[in-house]
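Here's the structure we're looking at; comments come further down.
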Amino acid sequence: MSAVLPVLSTRLSAAAAAAFGTSYDPELRSSTKPEFGHYQSNLALRIGNALGRSPRDVAARLVALLQVEDLCQTPEIAGPGFINLTLLPETLAKAVNEPETFSSNGQRVVVDYSQPNVAKQMHVGHLRSTVIGDALCNVLRFAGYDVVRQNHVGDWGTQYGMMIEQLLEEGISAESLDLEGLQNLYERSRKHFDADGTFADKARLRVVALQSGDPETRAMWRHMVDVSLDDFDKVYALLGSNLERTDVVGESAYNDDLPRVVAELEQQGLLTESAGAMCAFLPGFLGRDGDPLPVIVRKSDGGFGYSATDLAAVRHRVSTLHADRIVYVVDHRQALHFDMIFTLARTAGWLPGSVPAEHVSFGTVLGPNGKPFKTREGGTVKLVDLLESAVARADGLLAGREGVDRAATARAVGIGAVKYADLSSDRGNDYVFDLDRMVAMTGNTGPYLQYAHARLTRLLAKAGTSAGEVTTLEDPAEQRLALLLTGFAATVEQVAQTLQPHRLCTYLYDVASALSTFYEQCPVLSSEGATRASRIALCTATRKVLQDGLGLVGIGAPDAM
Ligand code: ARG
């Protein structure tokens, strides 16, 4: 049996269609305390308004046609024409015992996320894309999509010409440099480039050599990329990210496609020359001054840039990867870029109307002072350092706990706390990186949910069984918990559509809160007979929802903490 709410909605729609031939979304609302399992629909009011008829008469017609005796008590009409529905406890119990599952939807979704840049440490800005992207991939897969991850690493561009030329001048071998060495090399080469015209010319020639595949140049570049990817892998391992080396399809992968992309746009008459650069001007895209904004596909120096690469990537994702949906997890500052890329790709016929392309935008991580996160010296904060301090903080909390695998648990709790804080508020918002708040055991935090799970695990171990079914649901607290559990699949589905992971976090927090009320109102181990068995089954179902839900947002659920 599937979740109760969608079934009720479908039945209401069917009654409305039979009586009035209209198709309305019934928008069921759960009425709040004191008793749960109550729903109210304003469908009759909306139909009444639309057709100019009395809502109470419309409600009476709907109720006469509504077939819900297998799910609800007899529907009631209230006030101006609301329809009140009260679930039967058996309906709820059955829905908890037979949770809804997903099967493949036959759709492939390509998710572009993480995307750090070569020769630079991953910084806190890459945290959000990685954490949100991982969570969305898990959710989309769970909801039946075939998920293809694409780590669009920044591994191409004119800076590699400068860096390679600098290495050659200094007589240093590329092999001798680690990521920090590369970062310093970049600084030196940048200064040199700005100060010395001869060097700048050599660097430009070196870019040409790189792009045309000169073996010596390519080998040096390859080394820089490999050193960087090794370092990213360490951060992914610490984060527990699902990204693999095979998901890396960096900017360089599109190098050979770029001339063709530009040629095709030109053939289609979509390009205009502007100050030596080839640009597309799209209707409706204007700058602050009201002038048309260009998508620059070829720069005046003949080089291709970020936009050309993204156009090639869209084309590849549709025609080679056969994407049915494309998702980009990138910070909000690139909103206009993606809007223009998607528009141009649609105009050029590379992105059919049937394939949605979505920019999953997110806000900035702020430091304690409420400004974008920087070190005291004004540098960027290394992500590894932040993650390690979160694990250390969690380790401190676990001091003296018995029966806990301290190192593994500290990692799960520390990393989980950071991820949960990132995912639990609307991704469009900025947030302050505040470790104290993140690792708190109370409130809407990762550790609070992990603790709810660990406590259930302990209770079930004491109970000695986790088998059995929910049979009786008498107390409102257990009804409310049961009702929430039946909403898991619908919540996952909603996140798969809206790409808003905070909805799943809010749901899990509601479950954990309902669980704690349930503990207060309903003894489990000290109850008897059928009630005890049913409550143990309810706890088992709750544990599974918490475990699955935390898993989807990429957070471990230790058995003890
Ligand atoms: N590497 C880029 C940056 O750090 C983000 C890339 C986003 N993805 C894309 N397809 N453009 O800003």
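Just so you know, ligand 1 is whichever comes first in the structure, and atom 1 is the first atom listed for that ligand. Computed from a predicted structure; not experimentally measured.
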- request: Indicate yes or no: at least one non-hydrogen side-chain atom of Tyr328 is less than 4.5 angstrom from one of His152.
  value: no
Quick check for students: name every N or O atom pair between ligand 1 and the protein closer than 3.5 Å, with distances.
| unit_1 | atom_1 | unit_2 | atom_2 | d |
| --- | --- | --- | --- | --- |
| ligand 1 | 1 (N) | Gln115 | O | 3.0 |
| ligand 1 | 1 (N) | Asn117 | OD1 | 2.9 |
| ligand 1 | 4 (O) | Asn117 | ND2 | 3.1 |
| ligand 1 | 8 (N) | Asp112 | OD1 | 3.4 |
| ligand 1 | 10 (N) | Asp112 | OD2 | 2.8 |
| ligand 1 | 10 (N) | Asp310 | OD1 | 2.8 |
| ligand 1 | 11 (N) | Tyr306 | OH | 2.7 |
| ligand 1 | 11 (N) | Asp310 | OD1 | 3.4 |
| ligand 1 | 11 (N) | Asp310 | OD2 | 2.8 |
| ligand 1 | 12 (O) | Gln334 | NE2 | 3.2 |

message: I'd like to know whether Asp194 forms a salt bridge (Lys or Arg N to Asp or Glu O under 4.0 Å) with Arg190, so could you lay out the CA-CA distance, the side-chain angles of the two residues, the decisive distance to 0.1 Å, and finally the verdict.
response: CA-CA 6 Å; Asp194 291 340; Arg190 171 93 251 170; 3.3 Å; yes
task: Mark yes or no for whether His316, through its side chain, and Leu321, through its backbone, hold a donor-acceptor pair below 3.5 Å.
output: no
- line: When Arg222, Gln211, Glu165, Arg206 are each screened for side-chain hydrogen bond (donor to acceptor under 3.5 Å, both in side chains) with Thr217, the one that passes is Arg206
task: Indicate yes or no: does Asp134 engage Lys419 in a salt bridge with an N to O separation below 4.0 Å.
output: no
- prompt: Step by step, would you call Asp331 with Arg128 a salt bridge (Lys or Arg N to Asp or Glu O under 4.0 Å)?
  reply: CA-CA 8 Å; Asp331 76 72; Arg128 299 212 68 186; over 6 Å; no
